[in-house]
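For reference, the structure discussed in these notes is given below.
Worth saying up front: this structure is predicted, and the values here are computed from it rather than measured. We count ligands from 1, going down the list as the structure has it; atoms in each ligand are counted the same way. Just the heavy atoms: all of them, side chains too, but no hydrogens, waters or symmetry mates, feed the values below.
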Amino acid sequence: MAEVLTAEAVRDELGGLAGWSGDPAGITRTVELVSFLDAIAVVDRVAATAEELDHHPDIDIRWRTVTFRCVTHSVGGVTMRDIRLARRIDEIVESA
Ligand SMILES: C[C@H](O)[C@H](O)[C@H]1CNC2=NC(N)=NC(=O)C2=N1
């Protein structure tokens, strides 16, 4: 089972994840897309990636603003699975 990262480890990992913030309880990134449909398209791609990784972000959609929150629910904190998912979300957002 993946281990919850320490506060220091989360800080270090956030250094390589522009736009993300948080702590061992969860990391979040909010992005504003051009339109609602663009936001939904990004969410759709993230959903496919989450299935591939078998690791799923919490997602909040408000018109064209989307907030992704990554935390490993089974252990109640941020693990490397969340860091990997966050990197993949960034790739999708950057290519949108
Ligand atoms: C069996 C499967 O790996 C688990 O149910 C997964 C699915 N996706 C998940 N996603 C997240 N964010 N946390 C989990 O604990 C989790 N568990």
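- Here the CE-CZ distance, from M80 to R87, works out to 5.0 Å after rounding to the nearest 0.5 Å.
- The salt bridge (charged side-chain N to carboxylate O under 4.0 Å, His left out) analysis of residues 56-71, with sequence neighbours excluded, yields the pairs E32-R64, D58-R69, D60-R62.
- The OG1 atom of T79 sits 6.5 Å away from atom CG of L5, with the distance rounded to the nearest 0.5 Å.
- Taking all atoms of both residues into account, the shortest heavy-atom contact from F68 to W20 is O-CZ3, 3.8 Å.
- At a 4.0 Å heavy-atom cut-off, the residues surrounding ligand 1 are D54, H55, H56, V71, T72, H73, S74, listed by chain and number.
- A side-chain contact (heavy atoms from CB on, under 4.5 Å) with V4 is found for one member of T72, V10, V75 and no other, namely V75.
- Put simply, the side chain of R81 gets close to the backbone of D54: a donor and an acceptor are under 3.5 Å apart.
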